[in-house]
Protein chains: 2
Amino acid sequence: MSQYKAPLRDMQFALFDVVGAEAEFARLGFSDANRELVEAVLEESARFAENVLAPLNEVGDREGCTHDKATGTVTTPTGFKQAYQQYVEGGWTGLVSAVEYGGQGLPQAVGFPQKEMIDAANLAWGNFPLLSHGATEALLHHGEDWQREVFLKPLTEGRWTGTMCLTEPHCGTDLGMLKTRAEPNEDGSYAITGTKIFITAGEHDLTDNIVHLVLARLPDAPAGTKGISLFVVPKKRVARDGTVGDANEVRCGSIEHKMGIHGSATCVINFDGAQGYLVGQPNKGMSGMFTMMNAARLAVGLQGLGLSDRALQNALAYSRERLQMRSLSGPKFPEKPADPIIVHPDVRRMLLTCKALVEGGRVMSYHAGLLIDTAQHASDEGERQQADALVGFMTPIVKACLTEWGVECTYHALQCYGGHGYIAEHGMEQLARDARITTLYEGTTGIQALDLMGRKVMQLQGAGLKVFLGMVGAFCKEHAGNPAVAGLLGTLQEKAAEWQQLTRQVAERAAANPEEIGAAAYDYLMYSGYVALAYWWARSVVAAEASSHPEAFKAAKRETARFYFDRILPRTLAHAAGITAGAGSLMTLDAAHFDA
Amino acid sequence: MSQYKAPLRDMQFALFDVVGAEAEFARLGFSDANRELVEAVLEESARFAENVLAPLNEVGDREGCTHDKATGTVTTPTGFKQAYQQYVEGGWTGLVSAVEYGGQGLPQAVGFPQKEMIDAANLAWGNFPLLSHGATEALLHHGEDWQREVFLKPLTEGRWTGTMCLTEPHCGTDLGMLKTRAEPNEDGSYAITGTKIFITAGEHDLTDNIVHLVLARLPDAPAGTKGISLFVVPKKRVARDGTVGDANEVRCGSIEHKMGIHGSATCVINFDGAQGYLVGQPNKGMSGMFTMMNAARLAVGLQGLGLSDRALQNALAYSRERLQMRSLSGPKFPEKPADPIIVHPDVRRMLLTCKALVEGGRVMSYHAGLLIDTAQHASDEGERQQADALVGFMTPIVKACLTEWGVECTYHALQCYGGHGYIAEHGMEQLARDARITTLYEGTTGIQALDLMGRKVMQLQGAGLKVFLGMVGAFCKEHAGNPAVAGLLGTLQEKAAEWQQLTRQVAERAAANPEEIGAAAYDYLMYSGYVALAYWWARSVVAAEASSHPEAFKAAKRETARFYFDRILPRTLAHAAGITAGAGSLMTLDAAHFDA
């Protein structure tokens, strides 16, 4: 079974030393959220993740959720319900929610390491409380007063959980095709009818009620995405005064048999004239959908990060214990029958790849968390707008890169085990199976790439990229004479300039041929992720030097940054080639002639 | 459930049009193996793979093998035994085996497409007959006359199957540490005692007897790999006159619960004074081990290829059917509610990546098959040696690249399905899970890389590379004026020159520091694979032009080659950076300070 220990030291380093969250929290008006308090919160969170959730990870995989056809109920794996009760009692569900609705009002950025721990400890379990966040955000920003009153408190306190009901059998990405109908009732509510699939936590036994946020069409709504409205549809009816009634016409028809996250219920939900309430304006449901989706995308990025870290931790322990072959430069442990495999360069390559992507990705994602706080709470409107543009730009990068790296890191970590990694009892193959969902749900990597290239770069004219490049420029200027990053800054500046140039190049080609956007999108996304990570690695080295951490910690950051610049950042060469290659080599071959 | 149709047209194109096997078979003395006959054999093989094996693939995954603790027996999934009987009756087990022992004596190269079909249709099932090949090779090249007489006929006819018993709990790669003992009996046989793990097809219900080839130590054998001997240890005792006796002291203690290939029995085999016979010289068992291993490595490469192809076939069908969003350049099927996703550049990128790796990899591996025939049957000794050097050089490349690409292609193909790919019923996730074993068994990718860099390049001074570069040079010279490859040859020549230069560079650095071998090995291996594939793609374009295939086929080869050169070959830029980076960034960080 795989182990997990929350990397508190590195989490705190990322949040406070690199991202500089303590000063930012104070500046943004989170007067209580000083480093001492946040560290205490994270320590408590680590105990819960390590002691309660992590041991249930294998149980959840083995048992899975079970669905009772007769009643439509879903039973979660042994221990999941008790763990959820402890989570609620600990006040974790409302950690970063508004005080007004029973939350603790901590910055969003504090929720990021807390989520990372949950996902690393037990991804499948984490999906139950996760979706409440999106539902809360949708109701908070788009709901009516009474809806906030009635739904947000139980969601914040964890007495109820939320879902996002978007996908239908014939439409996932293409929500414009959705068919679920909403007919007005006489009392101002609506009767929702249709079938939704892939509904994470759509039915379970953890709470008394479940709050479904459902996309549906009003009668005579325009076709496509301009005719989609958002509704709140509780599992048990809820009146406007908050009274909970009997069962709504919402039923879980089945749950999916999946490659991984067996402990997470992925439901088919049938709405059969279920009572729901319109959230926001008629036909403007896509706006609420994006509110939910953006929150969920960053959260899924953290899932990739958490799994990568857990995989690395176990591969590292195994590589120190497993004795196989001698070092090519002579025995390192002559008293043992063989050297531990961590002496071998290729094992180190795999471990360092994970380390560079995990620790760099941690900083990148926590910074995105802080951007949400800045966009909401900065006193200056220009600053709020800049932060909003940047978090919009970074969201597809964080989601797609951290999940692609999650697949990669769980691959490398399993590979360190050799054939033993393929055997279930070590738990490494579960991490690889669980990671595989993260590049699919809440928008595949291809969809993230289109969001970045089509929307954030083309439509919004790269506003977020400009902010990021400004940060890179300022950092390089400030540290031009800093010996700690002398070997890194030149490359970072070159890559930043190339990034700008590639962006311009695609924009120009796309003006003549819109297919160029889709043709460049994936490589542009990955390219952006690797350059962004180079920046965060350079900043990590500077932050480590300035910190009070021991020399070994500083050396590890320096060496990992060096490894990253030497051996990972050159992947941008291949991605740049993909960006410049253009649409021709993708689009010329007739779709009828792809067969061998 | 995923479908499979053997790509006969492309298999025949690869074997005959690109590799030029018909003339080669004739030249090497396989007088019967003309194109007509081989094509008939492959068509028959396709029927078996498609109709008998492919439908059992999902059954095997769902049921798995079952082990009875009380009797030590293993039951294979429903239908596996009947399929094996049909396979035996069809004469498939001896397709490329010596006529002398009941085989059909066809060239090894004919066995490659035949194996590819089996692996694509049902990888787990294919592992049962697969291991007989290695056992046969070991006995053929190292066994005594009576051992060949007694064991080879039943193995060739498929009445018995073989295994390779190498790994023990504490030693996989590092066979020097193995502990299984062989004590001489009075009758000249040996009593074998020890525990072997990860024994593929170690126990099953398909045949009456199983022939284990076991590595063990004689009393007073020298330590390390110089004290390892090879033994043949049948499940039921076999006397020197061929009489089959009662059960030997060989017992399957358990089978592993694995990520995939559930239908394949991965056994713990306990030898408790089991009767065995020495194969070859005492303490020279590693030689027989390598004979088995080399055959197995190419076969595992074909497994990666087969899975990639099946994954691609299904992703292609899905991408043509699944309607989602409109093309960025305007609706392509305005009469439908949305366009099929194959219109989207990023979906095409994933499909073309698979297509380029599958069709290129097919040629590369079939050519390796022909090299085995050449190394065995060419009349000129110099030619035999050259072929032997080249197949030795290509074996780790074929094994590692085709399996890494198998992981990649099953990833892309699943990704084309979006969230549906994660659901078991589509069968895509099984292909991804099954593919995951291939970069692990018969030597991980890291071990292949060390074999290539350390042994084939350093120890053997790149003899195989020289032969390959000679082929590239001759091809470029011959087709210097050929317009079909005008856009490819310049790049190919540059890459070939760079390959040579990088090889020299690593060799020089390794003379000063042996860690440089391990530090460069993985990137060097992948770099080599991509440049080799560029050569085979250029040759494929030339071969297609010269063939009688319709223009659409030729255009597909041209466009896929263009895609490969534009968008896949640039991965060599990143790998070249990894090669030149050297050992420093891998080896400096203290193993104690890898933790976050």
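Throughout, protein chains are lettered first and strands after them, A, B, ... in sequence-line order, and every chain is numbered starting at 1. Please read these numbers as outputs of a predicted model, since none were measured by experiment.
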query = What part of Leu586(A) gets closer than 4.5 Å to chain B, counting heavy atoms only: side chain, backbone, both or neither?
reply = both
request  = Below 4.5 Å from any heavy atom of chain A, which atoms of His420(B) appear? Answer side chain, backbone, both or neither.
outcome  = both
query = Non-hydrogen atoms of chain A under 4.5 Å away: do they reach the side chain of Ala596(B), the backbone, both or neither?
reply = both
ask   = Picking from Val407(B), Leu414(B), Leu8(B), Ile197(B), which has the most non-hydrogen pairs under 4.5 angstrom with chain A?
value = Leu414(B)
inquiry  = Between Glu429(B), Glu425(B), Arg567(B), who has the most heavy-atom pairs with chain A when the cutoff is under 4.5 Å?
reply    = Arg567(B)
query = Heavy-atom distance under 4.5 Å between the side chains of Tyr422(B) and Thr266(A), does that happen here?
reply = no
ask   = Between Arg436(A) and Thr439(A), do the side chains contain an N or O donor and an N or O acceptor separated by less than 3.5 Å?
value = yes
message = I'd like to verify something: which residue of Arg433(B), His426(B), Arg320(B), Lys557(B) has the highest number of heavy-atom pairs under 4.5 Å with chain A?
response = Arg320(B)
query = Using non-hydrogen atoms only, which part of Ile423(B) is less than 4.5 Å away from chain A: side chain, backbone, both, or neither?
reply = both
task = State whether a side-chain donor-acceptor pair under 3.5 Å links Glu515(A) with Ser327(B).
result = yes
ask   = Okay, side chain of Thr588(A), backbone of Ser585(A): is any donor-acceptor separation there less than 3.5 Å?
value = no
key: Proximity breakdown for Tyr411(A) and chain B, heavy-atom pairs closer than 4.5 Å   = both
request  = Measure from NZ or CZ of Arg9(B) to the centre of the six-membered ring of Phe553(B) and say whether it is under 6.0 Å with the direction within 45° of the ring axis.
outcome  = no
inquiry  = Which one wins on heavy-atom pair count under 4.5 Å against chain A: Phe13(B), Phe565(B), Phe594(B)?
reply    = Phe594(B)
query = Counting N and O atoms only, with roles assigned by atom type, does the side chain of Glu408(B) sit under 3.5 Å from a partner on the main chain of Ser308(B), one being a donor and the other an acceptor?
reply = no
key: Contact class of Asp523(A) relative to chain B, heavy atoms under 4.5 angstrom   = side chain
ask   = For the residue pair Tyr522(A) and His575(A), does the interplanar ring angle fall in the parallel (under 30°), tilted (30 to 60°) or perpendicular (over 60°) class?
value = perpendicular
query = Passes side chain to side chain contact (heavy atoms under 4.5 Å, CB included), Met325(B) versus Asp339(B)? Steps please.
reply = CA-CA 6 Å; Met325(B) 312 296 286; Asp339(B) 286 333; over 6 Å; no
request  = Against chain A, label Phe563(B) side chain, backbone, both or neither, depending on which of its atoms sit under 4.5 Å from a heavy atom there.
outcome  = both
Side chain / backbone / both / neither for Ala592(A) at chain B, heavy atoms under 4.5 Å = backbone
query = Does a sphere of radius 6.0 Å around NZ in Lys179(B) hold more than 12 heavy atoms from other residues, nucleotides or ligands, not counting ones at 6.0 Å or beyond?
reply = no
query = Do you know which of Glu256(B), Met587(B), His593(B), His344(B) has the most heavy-atom pairs under 4.5 Å to chain A?
reply = Met587(B)
key: chain A contact via Lys258(B) - which portion, at a heavy-atom distance below 4.5 Å   = both
inquiry  = For the interface with chain A, which of Thr444(B), Thr580(B), Leu352(B) has the highest count of heavy-atom pairs at distances below 4.5 Å?
reply    = Leu352(B)
query = What do the steps show when you test Glu404(B) against Arg571(B) for salt bridge (charged side-chain N to carboxylate O under 4.0 Å, His left out), and what is the final call?
reply = CA-CA 14 Å; Glu404(B) 291 285 344; Arg571(B) 295 181 183 181; over 6 Å; no
message = Can you tell me which portion of Pro7(A) sits under 4.5 Å from chain B's heavy atoms? Options are side chain, backbone, both or neither.
response = side chain
task = Sort Ala591(A) into side chain, backbone, both or neither according to what part of it lies under 4.5 angstrom from a heavy atom of chain B.
result = both
task = Show your working on salt bridge (charged side-chain N to carboxylate O under 4.0 Å, His left out) between Arg362(A) and Glu359(A) and close with a plain yes or no.
result = CA-CA 5 Å; Arg362(A) 182 170 288 136; Glu359(A) 294 177 19; 5.6 Å; no
ask   = Quick one: what part of Ile437(B) sits under 4.5 Å from any heavy atom of chain A, side chain, backbone, both or neither?
value = both
key: Which portion of Pro169(A) sits near chain B, non-hydrogen atoms under 4.5 angstrom   = backbone
